[in-house]
Amino acid sequence: MRLILTTGAARLESWQERGFSADMHYMQRPAATYLQPTRLLEGARSIVSLAVRYAQDPHAALRPGYGRVARYAWGKDYHKVLPRLLKTFLASVSQAIGHQPKYRVVSDAVPLLEREIARQSGIGFVGKNTMLIKPRIGSYFFLAEVIWDIELFDEAAKSLPILTCGTCQRCIDICPTSALIDDYTLDASKCISYLTIEKRGMLRHSERRALGEWIFGCDLCQDTCPYNTLALGSNTPPDSADFAHGAGSGSQLELEKLLDLRTHAQFIDIFAGTPLTRAKREGLLRNALAVAVNTERVSLSEIIARVAEEDESPVVRATAVWALGELARLEGSRAAERFVKVLQRVSKRDRSPEMRLEIETLQRV
Ligand code: B12
Ligand code: SF4
Ligand code: SF4
C-alpha cells in the first residue's frame, strides 16, 4: 500500500513547535527530513515494517540498593541484534524473487517516522501513551524497517486495526511526571526515559526526584496498559534470546557497583554491547545518585562522599554533593558533619561550573 507520511509530519511539526522534543537535536530537523526513505537508501521503493518482541517478564520488587532498567534494555543492543535477526527473512525474499535486492535494515537510529509507518502498515494503533500497540500482543516490541529498491505488496495493510484506547486513561494517570498529554502526545522534556537516557549534563533537583527508582528508561505507562496485561502474564519469550533478561545487564542495577565505576574503560567492560552505553558512564552514575536518594540508601553515603571529591566528571561530582546532603538529612548529626566537611573541601578545590552552581543552589535552599 502507499504510505501517506504527511499525516505523521503534521503531528511531528506540532510536537516540535510545542517544545516537546526538549534538547534532542536529532528530532528538530525539518519534518520533511523524516519522510524520505530515499535519503536512507538510494532508489528506495518500499518498506517492510516489523514488530520484534523484547522481554515481557513483569518487573520484580526492587532489591534494596538497586535501581530499575526499562525492559527494552535488559538484553543486548537491539541496533546490533536486529540486522542479524532478519538475515533469514531477507534471504527468503531474495530466494523468492530470484535476485538479491538492494536493501537497508533500520531501527531507531535514523530520521524516519517509524511509528507512523508501522501504523499505516497495519501493525497496530497509537495509544494515549504514544506507543504503537498491536492488538493481542501489546506494545513491548521494537520497530524495525527493511527499506528495499523493490516494490512489495501487503494485503494486511488494507485493514487497519480499529481498536483504540476508548475512555481509558490509565497511562496518563500513572505517569509520575505528567509527561503524557490527553491528545496522544508526550512532552519528552518531562519523560523519565528522556531524562535518564537522552538528557546530558546536570538534572534539575525536581528532575532527580522525578526519576524515582529508574536508572535507565521507564516502563510505567506500558505496564499499566490493559493491552499489555496479557503479555505480562504470558511467559512469552522475546523474539530473540539476545533480548532476554539474562542476555545483558538485566532489570536491576546495583547502585554501589555503578558508583564504583571510576573510568570509561571500567564502564565499557560491563556495559559494552548493551543499550545502556547510550547514557554513558556520566549519565548512569548521575542517575544512580538520584535513585540512591529517592530510595533513601543512607548506607551509600561513604562511597558517595568519595565520588563527590574524586570522580572525573563534574556532573557526577556535583550530583554526588547534592545526594550526600539529601541523605545526611535522613541520617543525623554525624552524617551532617561529614557533609559539611566534604562541602568545605569541594568549595575550595572544585572550580567546575557544575560544582559552583550546585553549591550556590544548595546554599539558597
Ligand atoms: C525520540 C524518541 C523517544 C523520545 C520521545 C518519545 C515520543 N513519544 O515522542 C523519548 C526519549 C522520550 C523516548 C522514549 C521511549 N521510547 Co523512543 N523513540 C524515539 C524515536 C527516535 C522518535 C519518535 C518520534 O518521532 N517522536 C515524535 C512524535 C511526534 O512521533 P511519534 O511518537 O512516533 O508519533 C508518530 C505516529 O505515531 C503518529 N501519531 C502519534 N500519535 C497519533 C495519534 C493518532 C490518533 C494517529 C492517527 C497518529 C498518531 O504521528 C507521529 C508523528 O509521525 C523513535 C524511533 C523513530 N525513529 O521513530 C523511538 C521509539 C518510538 N521509541 C521506542 C521505545 C521502545 C521507547 C520507550 C518505551 C523506552 C523506555 N522503556 O524507556 C520509551 C517510551 C516513552 C513513550 N511513552 O513514548 C520504540 C517504540 C516501539 C513502539 N511499540 O511504539 C521506537 C519506535 C524505537 C524502535 N525502533 O523500536 N523515545
Ligand atoms: S515512560 Fe514513564 S515518564 Fe515517560 S511518559 Fe511513560 S510513564 Fe511517563
Ligand atoms: S493505558 Fe489505556 S489509554 Fe493508555 S495506551 Fe493503554 S489503553 Fe490507551
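Start at 1 with the first residue, then count along the sequence. Just so you know, ligand 1 is whichever comes first in the structure, and atom 1 is the first atom listed for that ligand.
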Checking heavy atoms under 4.0 Å, the part of F141 that sits near ligand 1 is both
Note on atom 4 (Fe) of ligand 3: protein N/O/S atoms within less than 2.8 Å are C171 SG
When distances are taken from atom 4 (Fe) of ligand 2, the protein heavy atom at minimum range is C191 SG, 2.4 Å
Checking heavy atoms under 4.0 Å, the part of C218 that sits near ligand 1 is backbone
So for V126 against ligand 1, with non-hydrogen atoms under 4.0 Å, the contacting part is side chain
Of E198, M24, M131, E145, the one whose closest heavy atom lies nearest atom 64 (C) of ligand 1 is M131
field: L276-Y66 co-clustered via ILVMFWY side chain contacts under 4.5 Å
entry: no
Checking heavy atoms under 4.0 Å, the part of L112 that sits near ligand 1 is backbone
Going by the 4.0 angstrom heavy-atom rule, the piece of V110 near ligand 1 is backbone
Nearest non-hydrogen protein atom to atom 5 (S) of ligand 2, with distance, is L186 CD1, 3.5 Å
Near S139 (heavy-atom distance under 4.0 Å), the atoms of ligand 1 are 83 (N)
Counting from 1 in the order shown, the ligand 1 atoms closer than 4.0 Å to a non-hydrogen atom of S193 are 14 (C), 15 (C), 69 (C), 70 (C), 72 (O), 73 (C)
The atoms of ligand 1 lying under 4.0 Å from a heavy atom of L113, numbered in the order shown, are 53 (O)
Under 4.0 Å from one or more heavy atoms of E114, ligand 1 contributes atoms 55 (C), 56 (C), 57 (N), 58 (O), 89 (N)
Residues passing the side chain to side chain donor-acceptor pair (under 3.5 Å) test with R281, sequence neighbours excluded, are D311
The closest protein heavy-atom partner of atom 8 (Fe) of ligand 2 is C175 SG, 2.3 Å
Closest to atom 25 (O) of ligand 1 (heavy atoms only, candidates Q222, Q120, M27) is M27
Counting from 1 in the order shown, the ligand 1 atoms closer than 4.0 Å to a non-hydrogen atom of T130 are 8 (N), 76 (C), 77 (N), 78 (O)
On the 0 to 90° scale, with breaks at 30° and 60°, tag the W322-H205 ring pair as parallel, tilted or perpendicular. tilted
- Could you check whether the rings of Y72 and F216 sit parallel, tilted or perpendicular, using 30° and 60° as the cut-offs? parallel
*Please state whether R71 comes within less than 4.0 angstrom of ligand 1, counting heavy atoms only.*
no
Note: F142, heavy atoms under 4.0 Å from ligand 1, region reported as both
Next item on the list: Could you tell me if the ring centre of Y78 sits under 6.0 Å from that of F243?
Entry: no
Ligand 2 to L220, heavy atom cutoff 4.0 Å, flagged ligand atoms 7 (S)
Checking heavy atoms under 4.0 Å, the part of A144 that sits near ligand 1 is neither
Counting heavy atoms under 4.0 Å, the part of T164 that contacts ligand 3 is neither
Quick note on ligand 1: atoms under 4.0 Å from a heavy atom of Y184 include exactly 41 (N), 43 (C)
So for L186 against ligand 1, with non-hydrogen atoms under 4.0 Å, the contacting part is side chain
A student checking ligand 3 against Y227 at a 4.0 Å heavy-atom cut-off should list atoms 7 (S)
